[in-house]
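Note sheet for the following structure.
Worth knowing before you read on, the calculation uses all heavy atoms, side chains too, and leaves out hydrogens, waters and symmetry mates.
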Amino acid sequence: MTRQKNPGPVRRELVGDNAPSVRPGDDPAMLGSATLRPLNPVEARSYQTFVLTYTVGKLGLDDTGGIRVAFRFISDAGKPQIDDPRAENYVTASCTGGGTITLSVDRNGGLRPWKLIVTARLNGGYLSEGEEITIVFGDTRDGSAGMLIQTFAEEGYEFRVMADVQATGNFYPLDQQFSVPVIAGPAHRWRAVLPSLCRPGETFRLGLKAEDVWGNPTPQVAGRVRFEPTLPV
């Protein structure tokens, strides 16, 4: 009996990672689209509810495919959770069409700084073009207070949205990306801003700043201020 010669390892180009060969294409309509509401400014350290709606694109969405929302992991905002509907930061998801949605939260699942990942994955079905997946961040229907917003004001608290429509494990960014402005709350204290060193007779500038309870400069203040210097100014 003649032993067959070992053909050696399979050529590298025939195996390995499926990307980018399975990329659905450069047409954004293949991946679908998304909306987020509301997008109006929210107050620092308030509780809010955001509804993200994903509409399936031309390719549909395969069983075990899904969408993914990434957040910056360095933040004091509330972390999404799917275990306790009465607790803050509770997240739910649903879909039209066949199948059900399974949610998962991974606090170290993405590339820095987008490590906090919420994934909504389709199971037991297929979604056709025009059908939808809805994720509710801060769902209050069963008693949750909502999503807890960060303490610091900034131009935009970002939601990075991606889709894996072919169930390959490759999530590609959608054309629609979202940010919600975070603004300061009502004035809690006043701060005088002065130079730490000043020569006798030197001109200086006095600044007066109103801050909210978290230290953010705020325009939410009303009233009149009177200065009473102890020296001639």
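- The CG atom of L39 sits 7.5 Å away from the OG atom of S179 when rounded to the nearest 0.5 Å.
- Follow the hydrophobic side-chain contacts under 4.5 Å out from I82 and you never reach L148; the two are in separate clusters.
- In this structure, a donor-acceptor pair under 3.5 Å is present between the side chains of N170 and T168.
- Checked against V136 for a side chain to side chain contact (heavy atoms under 4.5 Å, CB included), the options T53, L52, T49 give a single hit: T49.
- Listed here is the closest heavy atom pair of V118 and L103: CG1-CD2, 4.0 Å.
- Of all heavy-atom pairs between I74 and R112, the closest is CD1-NH2, 4.2 Å.
- Listed for the T218 side chain is a donor-acceptor partner under 3.5 Å among the backbone atoms of G185.
- Shortest non-hydrogen contact noted between L59 and Y126 is O-OH, 3.1 Å.
- Here Y157 and F178 keep their ring centres 6.0 angstrom or further from each other.
- Under the 4.5 Å side-chain contact rule for hydrophobic residues, V56 and M162 do not share a cluster.
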Report task. Step by step, work out the side-chain contact (heavy atoms from CB on, under 4.5 Å) result for R72 and W114. Result -> CA-CA 5 Å; R72 292 182 183 272; W114 309 102; 3.4 Å; yes
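- The minimum heavy-atom distance linking E88 with Q81 is given by the pair O-NE2, 3.3 Å.
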Report task. Walk me through it: do F152 and W214 pass the test side-chain contact (heavy atoms from CB on, under 4.5 Å)? Result -> CA-CA 7 Å; F152 54 95; W214 303 106; over 6 Å; no
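- Following chains of ILVMFWY side-chain contacts shorter than 4.5 Å, one cannot reach V213 starting from V221, and the two form parts of different hydrophobic clusters.
- Side-chain contact between L36 and V180: present, with at least one pair of heavy atoms (C-beta onward) separated by less than 4.5 Å.
- Side chains of L208 and L206 form no contact here, defined as non-hydrogen atoms less than 4.5 Å apart.
- Side-chain contact between P41 and I183 is present, with at least one heavy-atom pair separated by less than 4.5 Å.
- Linking ILVMFWY side-chain heavy atoms closer than 4.5 Å, directly or via other members, places F227 and L194 in a single hydrophobic cluster.
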**Report entry** Test side-chain contact (heavy atoms from CB on, under 4.5 Å) applied to V69 and I135, step by step
**Finding:** CA-CA 10 Å; V69 185; I135 305 178; 4.3 Å; yes
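- T151 and D76 form a side-chain donor-acceptor contact under 3.5 Å, judged by distance and modelled atom types alone.
- Across all non-hydrogen atoms, the minimal contact from H188 to D212 is CB-C, 3.6 Å.
- The distance from the CD atom of Q220 to the CD atom of E211 is 14.0 Å, given to the nearest 0.5 Å.
- Here the CG-CD1 distance, from L31 to I67, works out to 12.0 Å after rounding to the nearest 0.5 Å.
- Rounded to the nearest 0.5 angstrom, F159 CZ and Q176 CD are separated by 15.0 Å.
- Side-chain atoms of F171 and T119, non-hydrogen and from C-beta on, do get closer than 4.5 Å to each other.
- The line from CG of D63 to CZ of R121 is 10.5 Å long, rounded to the nearest 0.5 Å.
- For the pair T35/Y54, no side-chain contact is recorded, criterion being any heavy-atom separation below 4.5 Å from C-beta on.
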Query - ring-ring contact (aromatic ring centres under 6.0 Å, His included) between Y90 and F137, intermediate numbers included - result: CA-CA 6 Å; Y90 186 57; F137 295 91; over 10 Å; no
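- Using a 4.5 Å cut-off between side-chain heavy atoms of Ile, Leu, Val, Met, Phe, Trp and Tyr, with links allowed through other members, I149 and V105 fall into the same hydrophobic cluster.
- Salt bridge annotation for R141-D139: present, with a cationic side-chain nitrogen under 4.0 angstrom from a carboxylate oxygen.
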Report task. Test N123 against T100 for side chain to side chain donor-acceptor pair (under 3.5 Å), laying out the working first. Result -> CA-CA 5 Å; N123 293 283; T100 58; 5.1 Å; no
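- Contact of the S144 side chain with the R86 side chain is not registered, since no non-hydrogen atoms from C-beta on lie closer than 4.5 Å.
- In this structure the side chain of M147 reaches within 4.5 angstrom of the side chain of P80, judged on heavy atoms.
- Closest of all the heavy-atom pairs between G98 and L127 is O-CD2, 3.6 Å.
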Query raised in the report: Would L116 and K79 count as a side-chain contact (heavy atoms from CB on, under 4.5 Å) if you check the C-alpha gap in whole Å, the side-chain angles of each, and the deciding distance to 0.1 Å?
Result: CA-CA 8 Å; L116 177 57; K79 301 298 187 289; 3.6 Å; yes
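- Taking a cutoff of 4.0 Å between a charged side-chain nitrogen and a carboxylate oxygen, E43 and R45 do not qualify as a salt bridge.
- Note that OG of S46 and CD of Q150 are 10.0 Å apart. Values are rounded to the nearest 0.5 Å.
- Crowding of R189 atom CZ: a count of heavy atoms from other residues, nucleotides or ligands under 6.0 Å exceeding 12.
- Between K58 and E129, none of the side-chain N atoms (NZ, or NE/NH1/NH2) sits under 4.0 Å from a carboxylate O, so this pair counts as no salt bridge.
- Note that R107 lies outside the cation-pi zone of F73, set by a 6.0 Å cut-off to the ring centre and a 45° limit from the axis.
- A 4.5 Å side-chain heavy-atom check between V165 and Y172 finds every atom pair outside the cut-off.
- Proximity of a side-chain donor or acceptor of E155 to a complementary backbone N or O of P181 within less than 3.5 Å is not detected.
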